[in-house]
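Throughout, a chain's letter reflects where its sequence line sits, starting with A, and its residues are numbered from 1.
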Amino acid sequence: MVPLNWYIGLSAVIFVIGMVGFIVRKNILIMLMSIELMLNSVNISLVAFSHYLQDLRGQVFVFFIITVAAAEAAIGLAILVALFKNKAAVHTDEIMEMKG
Amino acid sequence: MDKYLLIPLLPLIAFTINIVFGKGIIKEKAHWVSILAVLGSFVISASTFTEVLNGKIINYDVYNWIVSGNFRVTIGFLIDQLTAIMLIVVTSVSLLVHIYSVGYMHGDKGYYRFFAYLSLFTFSMLMLVMGNNLLQLYFGWEAVGLCSYFLIGFWYEKKSAADAGKKAFIVNRFGDFGFGLGVIMIFLMLGTVHYSDIFSKVGTLTGQTINILGYNVDLITLIALLLFCGAVGKSAQIPLHVWLPDAMEGPTPVSALIHAATMVTAGVFMVARFNPLFSLSEVAMNVVALTGAITSLFAATIALVQNDIKRIVAYSTVSQLGYMFLACGVGAYGAGIFHLYTHAYFKALLFLGAGSVMHAMAGELDVQKMGGLKKHMPITYITFLIASLSIAGIPGLAGFFSKDEILWLAYNHGMVGKIVWAMGTVVAALTAFYSFRIIFLAFHGKFRGTHEQEHHLHESPKVMTIPLIILAIGAISAGWFGIPAALGGSNAIAHFFEPVLGHPHVTAGHEEEFMVMGISIAAAIGGIFISWIFYSLKPEMPKNLAKKFKRIYITLWNKYYVDELYDFIIVRPMKWLANSILVAVTDGKIIEGIVNGVPQAIRNFSERLRKLQTGQLQHYGLGMALGLFVILALVLIAAGR
Amino acid sequence: MNIPFPDLRPVTPEIIMTLSATALLILELIFKNKGVLAFIGILAAAAVMYIMPASMGETFGGMFISDSYSIFFKFIFIINLILTILISLRYIQRQKAEYGEYYSLLLFATAGMMLMASAKDLIILYLGLELMALSTYILAGIKRHDVKSNEAAIKYFLLGGFSSALLLYGISLLYGMTTTTDIYKIAEHLKATGVTTTLLLSMILIAVAFLFKIAAAPFHMWAPDVYEGAPTSITAFMSVGPKAAGFAVIGRVFYTAFQNIQTDWTTILIGIAILTMAVGNILAIVQTNIKRMLAYSSIAHAGYILLGIIAGTTEGLNAMMTYLFIYAFMNIGAFAIVIILDRGEELSDYEGLAKNRPLVAALMLVFMFSLTGIPPTAGFIAKFNLFTAVIKAGYTWLVIIAVMFSAISAYYYLRVVMNMYMKEMKQEAAIHLSPSLSLAILITVLMVLIIGIMPSMVIG
Amino acid sequence: MQIGYPILSTVIFLPIIGALLIFLLKRASEALIKWTALFVSLVTFILSIPLFSSFDKTTAKMQFAETYEWVPSWGIKYALGIDGISVLFVLLSTLLTVLCVTISWKTIKEKTKEFYAALLLIEGSMIGVFCSLDLFLFYIFWEAMLIPMFLLIGVWGGPNRVYAAIKFFLYTLVGSVLMLVGIIVLYINTGKSFDILQMMSTNYPYNLQLILFWAFFAAFAVKVPMWPVHTWLPDAHTEAPTAGSVILAGILIKMGAYGFLRFSMPLFPEAAKAMAPAMMILSVIAIIYGGVICLGQTDLKRLIAYSSVSHMGFVTLGIFALNIQGIQGGILQMINHGIVTGALFLCVGIIYDRTHTRQIADYGGTATVMPVYAAFFMVFTLASIGLPVTNGFIGEFLIILGGFTASKTLGVLSATGVIIGAAYMLWLYQRVFFMETNPKIQGHPDMDIREILTLVPLIVLVLWIGIYPNTFLSFMDASVQNLINRVNTAGAFQIHMVGR
Amino acid sequence: MLSKLFFGYFAVIMVALSLLVITRRNPVHSVLWMLVLFFHIAGLYLFLNAEFLAAVQVILYAGAILVLFLFVIMMLNIKVEITAERFIGEWPIGVALGLSILMLIYFTTSKLIQGPAGQFSIEAIKAETHTKALGKVLYTEYLFPFEIASLILLIAIVGAIVLAKKRG
């Protein structure tokens, strides 16, 4: 039997990778994917918990998270498209008009 | 309304009428209002004097002035022998000066204003002498100072006049500073500021001490000296004498009234009034005597070389005031007041005479540019001569009796008395010298001014000469009330004062008194003689002497550099402190630096902090992650887990 | 397995809200005049407000609770909604963003907030939060032809997503520790197991997400950019609604679920509160754009409001709620003035306004002084009430810091007043007045003054 | 004696209602606005006269009291009342406002409506400060006054007005917010009540008293202003319009010293007693510092402003001498300073309207051109330097007496302020009025009847207080005695309210 | 032991894939690596007896969301992307911060105390099949969140229309 901690560790590693990706990449699409990575890491841990705690709640939660992730992706990409129409930009460098 | 109240009130009413209606309605008639008021005061004063002469002492309160807790002060009047004589001096000299001014101030654009101020002054002076408590004295004290300020700076367009007025006021404030503290000390120690209570309780203070900066100081001495500070300022004694010569910027009648006869003598009056207090402190008495003597000598030496006729007379006034303090300091209060009284006449006369000369000379003050005025203005000359003889102490005239009384009593007053007597005698010689220097330079010899001036020379109008004549009579006869027993007189005035001022202990006999008298007469005549030699016989001699003793001459000419000294140690440091330290550094840099600097620092910080908000999304994410990390780390460290 | 049909009474307000929102989507096709839609939206909100007091109770197996705490917050959300609709009507027309979905999304967002306030289960909380957040992302970017609006939407969206990922990670750990997502059950369980480092981690992760929503430093950095870029009406909406919702969940989750580590999170929040007040107030000083300035001001206010949570007492919570209630009026009022002006986004646009538009200037003055907290405005009552509660809880030193910062805040609020009253006018300021906007301003200014003078109206 | 109307509420709210009324008037009808303002301020003044005539001088109780519940759940009451300490300030406020209206008659040409409205709002809130018997109510008035004052300085002021206005606002706000914290702490410790009278009969622990004393000190010291937090004052006074300077100098800065008397001492008697030496030292520094710095001023208003620092130093010195002469002198000196400095600012306003310069160097020989004006100015100058027969003397003498009683050294030092005062005021007078006539002021008309009438009431007061101060001192006797008892014996303080 | 090896494989591959996702210059590559990653996650779910979720993961994530990504990427200009800077200047800080946080998370979660076991043991789920068990819970106990989730999807639709649709 694999210990629960291993899952949690894996989840944490992926979570942090997602986080780092979000922080260091300039491409908005990649940032969006990084967020998806983070969400997936959460899913992994939730499913693992669910399994080990013998409780379905975690899996239900994962289900909702996937739903929201989908909605989020849709909206995020819509915003991106709207931006792209005005200004051919997918880099955060190009959306620095407001600052200070 | 009782009549005593009317004495000060009449001039006050005159003042009010003149200041309110003077400009529009009364104009050139302003003198009527004031003269009538002063005349009224004089008449009532005279009748009051006779009452006092008959042994009546008036002491009553008009109303409660300030009541705060146990501090209770009234406006009230105390008219005893001392006050009565002051009333006569004040109202009579004032009356004469009023009349004289009608001629002297004729045509001045501030005519009504001048009479208003004169009235106000008379009121204040009367309040000063009539008050029955210290605070009322203080009130009059400041009020006469104010009038003096107004009148010195009467021709305010002249910077020198405006400066002189301000200087008089501020220098007096230094004295009043001490005086005020003295008043407060008296209240704190005795719980009252009313004369009668003070004098009845003052004995309880003997032997008490107070700790000042680690030294135990005798309480009575301290109080007496604090009060004396006020007198030093008001009566222009060293070191606060500097304002009086400058005060000559005012119209001459003012000099006669305020800076010779009345206001400047207030200090003497006050010390005499507080004789029960002063007499309890040996130290204070000696300080008073020595201050008087030194001032007297000091001012007389300066007067030797001055050329400005009014300034000579002014220094002579300082000198004579020193004499009066000398008298008080040796316990001869009566003699001091006696001298005050005679001095009022002959000094007022000197000033008014000088004013008459100025009138003729179109405002010229330099005695070196006068000469031979005798034939042009005989009345002025004669009266001036009488006054000079009187001040020089020629027997028979008023000055002789009072001065002699002082010197004689000083002589009797132990070691200190001997010293001040010697100084007083020297001063007597000097006084005779510089007084006659004026006579010889201004009235004798050849005229040394311009042609226009010579053409203009004339005797003054009657309205000016009559007061001169009346004062001359006073200068001759005022002393006859005080002919000493040694000369067969009854010394009536000393007896008159005895209930208030006591009488000093005289140990020596008549022989010694004659000796003292002789020495002083010799000094006076010697002074006049040398003056005659210098300024009439050998006019080149003073110049040679001046060259020979150049350093002394220049020092005297510059009045011992006292003004310069004050400028150096007080005026300039204060301005420097104000401009270079307080305005520029403490307020400008330190306090405002903090007040404006903190917001500025916040703004600068803000501008810097703003740079963190780059607009770059990653940086925002980084910020969040960093925040998360820091919180997590701190909490874990804090939890120690 | 037979599950009884759930009691719908407690969720009636949410149901009406969502139904109306959905209905608006359809009605949009019918009505060309969007004013009608706005009117329906207000009607819906009013109906919800009317029904709300009757909706006490729990339902859906204890996932949803309607108690006085949540009802008060819902009042704030509804007021926020109504005022936002009122100030939006003419404005979005001017901004060429008059889509029927606009109102629908406002309603959805409000429904999301209401769910957050009522959530008793972390799943509901998360979903409510996402409902609110996703709607506001869209609303922020609704001026889709405007680059600034796009930029705002992108920034808000990405950082929002990031923060909800953190929230989820925290929730997942919490779930792992307790096998439940019910807030009250979590509290019970945690009481039994005691404090562990994992718990602290999960608490911090959840806190970060909530602090992000209320724009507390250092998780505030999105706020200025988003507030500036979003349409002003939405900025007004965001500066009150999501913030209040964030405080609602902080209040509930921290006070119940994390009760046994109260000292730990209080310590964290004290630091955060001080930092937030500092950052908000200090950075607001140098702003030249009024929306941006108000963004920093709203950050600063979040700092003050956090003090209410820190107090850890019922009074503190009450004070926090009162503060939010009052804040809604004064802040939306200020934004309404920004909207009323044709050019009102830059501080320099306000120069000489008092001469040109004395009434508008006077109203702005009232809002600025209220935000500063000067009596006799409501802002003072809010601050006073809050500080009293915090001092009573024993954090006097914290209040001293807060009042010093609020004195600093006077500086930038005064700058607006100064520009209006003490500078020379550069150009005539045109205004766009509409009945709805006037009504909104009237309501806000009256509330600001009435609460300021008769505070017993709100604190009874 | 019975008065037929709630007098305190009337004098507070009449001006405020008047201000609202003015807001409703048409911008163009300037004459109507002015007359309304004058009418309202005059009626307020007349209605406040019964405070003077019907005041019961024998008691230390609060008179003309009014109490209503305001915010019951917080224990806030709308409670008004005055005693011997506050009554004179109310009268001074109503009087000075009338004069401010008349003096501004021709000077204020822009935004007339807002100006008079602001003026009346200030009046209402100032009076509110002096009448409040509820700490919360007090704070509301205290702060509310900042807004119109801020506008008054910033909108109608001189060239550097914006800086001055913001400085004034922030300075005072920083002080006030600390007091707010103090108020809240006090509120909690009193048991949920803002009732000042209840607080006055409560004895707080010493440490608490000490903390609260400093919290309140922050607000009051800035307002007074005590050294070293005085630097807002020269700027605010200098830049404010004449009416603003008059209000600032005449009343607003009195509120600080009033606060010491009304709150710091009776509420924290032991702390006040312990801190009195420190306060007195600060006061003496202010006296001398403010005086000496006047010697370095080149701006008329700025000089008078700094002289206020010095004079208020006397006030606080007297107050913290904690004896009857000191406190009575302090209160009287506050009134005096209000009259005299108010009058001096009015005077400066009169000449500024003609010449549009405040630089002393631009003047000279004014006495020749405007003799009546010179005479009026002289009277106030003399009052300012504390010459007997003017009110300044009575106040300063009592203060020095009180100060000397409390501490010999400080008493002596404070007395030097009198010398410095004479120096800078007379120097000022000389430079402005004496010497050669400066061409810049040649040909200006003397004061007109409106201006004379504005100043005459103040002259009357100057002389009245100088000649018969008992009229005013007797108002304070009972209250001050009561206060001293409280400070000295912490606990014996009993104070009630008497209905109107 | 076998299961541990199995997990080891998954873990290593997933971490590697994640790193690839966030480091690729070309977003298309990232999406493709992510696709592989999602399959692996689905596999892990199977390993944890969550068949339904594994299916959803593949269908929804891999099938829908990633395709959406690809669509959008196709719309955009990739050439610019190739030449542009990949990472922000401060990336070392980001990486360091990530590692530190990871360390702290490891440090804190290593001592995780599990919650009490629930009623859905592996056997219980197996008896009912996973999908059925999950469905039952979802439509009864979690009906309310389910509805809310539907609203969120509605919003996603509305949002996409509002923001991306061409309008007059």
Between [X] and chain D, with a heavy-atom cut-off of 4.5 Å, which part of the residue counts as in contact: side chain, backbone, both or neither?
X: B:L188; value: side chain
X: B:I590; value: neither
X: B:N70; value: both
X: B:Y149; value: side chain

Could you tell me the separation between the [atom1] atom of [X] and the [atom2] atom of [Y], rounded to the nearest 0.5 Å?
X: B:E142; Y: D:L382; atom1: CD; atom2: CG; value: 10.0 Å
X: B:K159; Y: D:R431; atom1: NZ; atom2: CZ; value: 10.5 Å
X: D:H230; Y: B:D587; atom1: NE2; atom2: CG; value: 3.5 Å
X: B:R173; Y: D:L387; atom1: CZ; atom2: CG; value: 6.0 Å
X: B:F187; Y: D:T405; atom1: CZ; atom2: OG1; value: 7.0 Å
X: B:T586; Y: D:W227; atom1: OG1; atom2: CH2; value: 8.0 Å

Heavy-atom pair count under 4.5 Å with chain B, highest-scoring of [options]:
options: D:V229, D:V389, D:T368, D:I394; answer: D:T368
options: D:S474, D:P388, D:A423; answer: D:P388
options: D:V372, D:D477, D:I385; answer: D:I385
options: D:V480, D:I419, D:T409, D:I324; answer: D:I419
options: D:Y171, D:F433, D:F397; answer: D:F397
options: D:G365, D:A367, D:G364; answer: D:A367

Report which part of [X] has an atom under 4.5 Å of a heavy atom belonging to chain B: side chain, backbone, both, or neither.
X: D:L295; answer: both
X: D:I420; answer: side chain
X: D:V174; answer: neither
X: D:T416; answer: both
X: D:W232; answer: neither
X: D:P234; answer: neither
X: D:L170; answer: neither

Determine the minimum heavy-atom distance between [X] and [Y], stating which atoms define it.
X: B:A578; Y: D:V292; value: CB-O, 3.1 Å
X: B:N64; Y: D:Y468; value: O-CE1, 3.4 Å
X: B:S68; Y: D:Q325; value: O-NE2, 3.0 Å

Among [options], which has the most heavy-atom pairs under 4.5 Å with chain D?
options: B:E157, B:M574, B:M185; value: B:E157
options: B:A162, B:A584, B:P599; value: B:A162
options: B:F174, B:W155, B:W141; value: B:F174
options: B:N579, B:I19, B:D176; value: B:N579
options: B:L135, B:V183, B:V73; value: B:L135

Quick check: does any side chain N or O of B:W65 sit under 3.5 Å from a backbone N or O of D:G466, one acting as donor and the other as acceptor?
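Checked: pair present.
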Report yes if the side chains of [X] and [Y] come closer than 4.5 Å at any heavy-atom pair, otherwise no.
X: D:N323; Y: B:F71; answer: no
X: D:L473; Y: B:V67; answer: no
X: D:Y289; Y: B:L582; answer: yes
X: B:E592; Y: D:D235; answer: yes
X: B:F150; Y: D:M378; answer: yes
X: D:Q430; Y: B:D163; answer: yes

A quick test of your reading: do over 12 heavy atoms of other residues, nucleotides or ligands sit less than 6.0 Å from [atom1] of [X]?
X: D:Y163; atom1: OH; result: yes
X: B:K589; atom1: NZ; result: no
X: B:Q600; atom1: CD; result: yes

Hey, what's the ring geometry for B:Y156 with D:F434, parallel, tilted or perpendicular (30° and 60° as the breaks)?
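Geometry flag for D:F434 against B:Y156: parallel rings.
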Step by step, would you call D:N470 with B:Y63 a side chain to side chain donor-acceptor pair (under 3.5 Å)?
CA-CA 10 Å; D:N470 278 344; B:Y63 72 95; over 6 Å; no
